[in-house]
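Quick caveat: nothing in here was measured; it's all calculated off a predicted structure. Only heavy atoms go into these numbers, but all of them, side chains included; no hydrogens, no water, no symmetry mates.
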Amino acid sequence: MTTFAVFYILSGQQYIDEARLSSASVKRHMPHVRRILFTPDQNVWNGIDFDAIYHLPNRMSEDWYTDSIRYLAFALSYLPEYLIWLDSDIYCCMPFDEMFDLLGRFDLAGVHAPGRITGGVIGDIPACFPEL
């Protein structure tokens, strides 16, 4: 059986609180999708907000980007094949199954400017993927 998941890699109470709201919106519109949090923060409890929480090693850099790339490598070993990395401030207002369909055709898809139309569309790629 194919498993679909969204995941967050976050640190800091503000961002974790935002991710709880984001995760709840995903659950509301796509209850079949697993919601997973990866964080180096301690004392983050698992409840209805996430299906799983994995604690990451302590940060090694003042630069969050450097640590997040290291954390992504760690996270990928725990995640299913079909996954979407969400930032904490993403709110789901409708199902987005077509994004998982896209991952059935491509190894990687990314959005740099959602909703921006830059050219013609190839096949049935969703409009939220104008370039990547």
Side-chain angles (χ1 to χ4, degrees):
M1 179 174 168
T2 304
T3 302
F4 302 104
V6 298
F7 71 102
Y8 307 84
I9 299 176
L10 303 167
S11 179
Q13 193 61 51
Q14 171 190 348
Y15 301 109
I16 291 172
D17 289 344
E18 285 179 357
R20 290 183 195 289
L21 295 174
S22 174
S23 177
S25 73
V26 171
K27 182 177 183 178
R28 186 175 312 111
H29 295 285
M30 300 187 64
H32 62 285
V33 173
R34 293 193 69 218
R35 298 156 300 118
I36 303 168
L37 172 66
F38 291 89
T39 182
D41 298 2
Q42 301 301 313
N43 302 320
V44 178
W45 47 270
N46 191 12
I48 62 169
D49 301 320
F50 303 102
D51 294 307
I53 294 177
Y54 293 96
H55 290 280
L56 298 166
N58 290 330
R59 293 187 58 187
M60 293 176 57
S61 171
E62 291 294 318
D63 175 26
W64 176 249
Y65 177 76
T66 303
D67 279 327
S68 68
I69 295 302
R70 181 172 66 99
Y71 290 156
L72 176 60
F74 177 88
L76 288 175
S77 65
Y78 289 92
L79 292 168
E81 183 177 1
Y82 293 94
L83 55 104
I84 296 174
W85 186 356
L86 295 180
D87 205 354
S88 64
D89 61 353
I90 301 297
Y91 186 83
C92 175
C93 58
M94 63 188 338
F96 51 88
D97 291 295
E98 70 275 5
M99 293 175 70
F100 289 108
D101 295 341
L102 198 62
L103 292 173
R105 295 174 50 205
F106 300 98
D107 292 335
L108 178 67
V111 178
H112 82 285
R116 181 174 160 201
I117 305 300
T118 59
V121 185
I122 300 172
D124 57 353
I125 295 175
C128 62
F129 291 90
E131 292 185 10
L132 297 180

T66 meets the side-chain hydrogen bond (donor to acceptor under 3.5 Å, both in side chains) criterion, sequence neighbours left out, with D63

Under 3.5 Å, which donor-acceptor pairs do the side chains of residues 82-93 form with other protein atoms, sequence neighbours left out?
from: S88; atom 1: OG; to: E18; atom 2: OE1; distance (Å): 2.6
from: Y91; atom 1: OH; to: R28; atom 2: NH1; distance (Å): 2.9

In the structure I gave you, are the side-chain heavy atoms of Y54 and I36 within less than 4.5 Å of one another anywhere? yes

One should read off an interatomic distance between D51 CG and R35 CZ, to the nearest 0.5 angstrom, of 4.5 Å

Would you say L56 ends up clustered with L76 if hydrophobic residues are merged whenever their side chains have heavy atoms under 4.5 Å apart, either directly or through other cluster members? yes

Say whether, by atom type as modelled, one donor and one acceptor occur between the side chain of D49 and the main chain of L21 under 3.5 angstrom. no

Hits for side-chain contact (heavy atoms from CB on, under 4.5 Å) against P31, two or more places apart or cross-chain, chain-then-number order -> none

Shortest non-hydrogen pair, M30 vs F100, comes out as CE-CE1, 4.0 Å

Could you check if a side-chain atom of F50 sits within less than 4.5 angstrom of a side-chain atom of R20, using non-hydrogen atoms only?
yes

Output for pair (K27 NZ, S25 OG), nearest 0.5 Å, gives 12.0 Å

Across all chains, not counting sequence neighbours, the side-chain contact (heavy atoms from CB on, under 4.5 Å) partners of M94 are none

Donor-acceptor list for residues 4-16 side chains, cut-off 3.5 Å, not counting sequence neighbours:
from: Y8; atom 1: OH; to: S22; atom 2: OG; distance (Å): 2.7
from: Y8; atom 1: OH; to: S23; atom 2: N; distance (Å): 3.2
from: S11; atom 1: OG; to: D41; atom 2: OD1; distance (Å): 2.7
from: Q13; atom 1: NE2; to: D17; atom 2: OD1; distance (Å): 2.8

Could you tell me if the side chain of Y71 sits less than 4.5 Å from the side chain of R59, heavy atoms only? yes

Taken in chain and number order and not counting sequence neighbours, the residues that satisfy side-chain hydrogen bond (donor to acceptor under 3.5 Å, both in side chains) with D97 are H32

